[in-house]
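Computed from a prediction, not measured in an experiment: that's the story for all the values here. Any value given below was found using the heavy atoms of this structure, including those in side chains, with hydrogens, waters and symmetry copies removed.
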Amino acid sequence: MNIEYRLESIAETEFRMNYDFDYSKFAPEKLQVQIGHEIKPSMETDQIVVKAKATLVYAEGEIELATNSIMMRFGLSPIKDIIIIKDDGTFSAQDALVIDTFLVAAIGALRGIMMKNLKGTPLEPYYIPLIPIENFRTKRKK
């Protein structure tokens with residue numbers, strides 16, 4: 001099967017920085033990176049929409065220091081041969097590598113956008129780490 005895909009759009013949907021936090025008392029070992037994503041196929045438009053969000057959280061008091069999110073839209077053809085929508089609204093893919101490619105692209109784009117947004121702030125040296133794709137996959141029950 002010949003699979004074709006392309007990036008159709010990318011948009012930053014949110015950036016927030018907590019400027020009220022006292023960064024003079026910042027301890028790097030208390031910083032946590034929280035990452036989430038959502039993937040939705042649109043069978044009518046032959047597209048996959050990937051939303052990715054990262055938040056830098058200060059562990060002491062769970063204070064959000066910065067949040068950034070993006071939305072990427074990919075064209076995928078032939079989507080009906082690759083994506084199967086289940087009765088419960090979830091989906092599965094005939095070729096997981098295609099979905100992994102979209103997710104890796106979205107997390108990478110988010111990493112770069114967040115690095116750009118944090119430049120010149122006290123959080124500049126802190127960024128989204130490289131995370132193996134396996135960490136994003138749903139654990140299958142046996």
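Applying the ring-ring contact (aromatic ring centres under 6.0 Å, His included) test to pairs two or more places apart or on separate chains, those with a residue in residues 64-87 are Phe74-Phe102. Residue pairs meeting the ring-ring contact (aromatic ring centres under 6.0 Å, His included) criterion with at least one member in residues 107-129, sequence neighbours excluded: Phe26-Tyr126.
Side chains of Met43 and Ile85 form a contact here, defined as non-hydrogen atoms less than 4.5 Å apart. For the pair Val33 and Pro129, the minimum side-chain heavy-atom distance is below 4.5 Å. Proximity of His37 to Lys51: side-chain heavy atoms (C-beta onward) are nowhere separated by under 4.5 Å. Two residues are said to be in side-chain contact when any heavy atoms from C-beta on lie closer than 4.5 Å; Leu123 and Met17 meet this criterion. Glu38 places none of its side-chain heavy atoms less than 4.5 Å from the side chain of Val50. Two residues are said to be in side-chain contact when any heavy atoms from C-beta on lie closer than 4.5 Å; Leu65 and Val57 fail this criterion. With contacts defined as side-chain heavy-atom distances shorter than 4.5 Å, the pair Asn18/Thr67 does not qualify. Side-chain contact between Ile79 and Asp46 is present, with heavy atoms from C-beta onward closer than 4.5 Å.
Rounded to the nearest 0.5 Å, atoms OG (Ser69) and CD (Glu14) are 4.5 Å apart. For the atom pair Leu118 CG and Ile113 CD1, the distance stands at 12.0 Å (nearest 0.5 Å). Between the CD1 atom in Ile107 and the CG atom in Leu110 there is a gap of 6.0 Å [rounded to 0.5 Å]. One distance of note links OG1 of Thr55 with CD of Gln32; it measures 11.0 Å at 0.5 Å rounding.
Connection of Ile39 to Leu76 is established within a shared hydrophobic cluster, with ILVMFWY side chains joined at heavy-atom distances below 4.5 Å, either directly or through further cluster members. Linking Ile, Leu, Val, Met, Phe, Trp and Tyr residues whenever their side-chain heavy atoms come within less than 4.5 Å leaves Leu97 and Ile84 in two separate clusters. Connection of Tyr5 to Ile82 is established within a shared hydrophobic cluster, with ILVMFWY side chains joined at heavy-atom distances below 4.5 Å, either directly or through further cluster members. Ile35 and Ile99 fall within a single hydrophobic cluster, where Ile, Leu, Val, Met, Phe, Trp and Tyr side chains are chained together by heavy-atom contacts under 4.5 Å. With hydrophobic clusters built from ILVMFWY side chains whose heavy atoms lie under 4.5 angstrom apart, Met114 shares a cluster with Ile63.
Contact between Met72 and Ala106 at its shortest, heavy atoms only, is SD-CA, 3.3 Å. The two residues Thr45 and Ser42 have their closest heavy-atom pair at OG1-OG, 2.8 Å. Pairing each heavy atom of Ser9 with each of Leu7, the nearest pair is O-CD1, 3.4 Å. Nearest heavy atom pair, residue Gly75 against residue Glu8, reads CA-OE2, 3.4 Å. Taking both residues in full, the closest heavy atoms of Lys86 and Ser92 are given as CE-CB, 3.8 Å, listed atom of the first, atom of the second, then distance.
Within 6.0 Å of the CG atom in Asp88, the count of heavy atoms belonging to other residues, nucleotides or ligands exceeds 12. Other residues, nucleotides and ligands place more than 12 heavy atoms under 6.0 Å from the CZ atom of Phe91.
Using modelled atom types and a 3.5 Å distance limit, the side chains of Glu12 and Asn68 yield a donor-acceptor pair.
Between Arg16 and Glu64 a salt bridge is recorded (basic side-chain N to carboxylate O distance below 4.0 Å). With salt bridges taken as basic N to acidic carboxylate O contacts below 4.0 Å, none links Glu4 and Arg6.
Between the side chain of Tyr23 and the backbone N or O of Thr121 there is no donor-acceptor pair closer than 3.5 Å.
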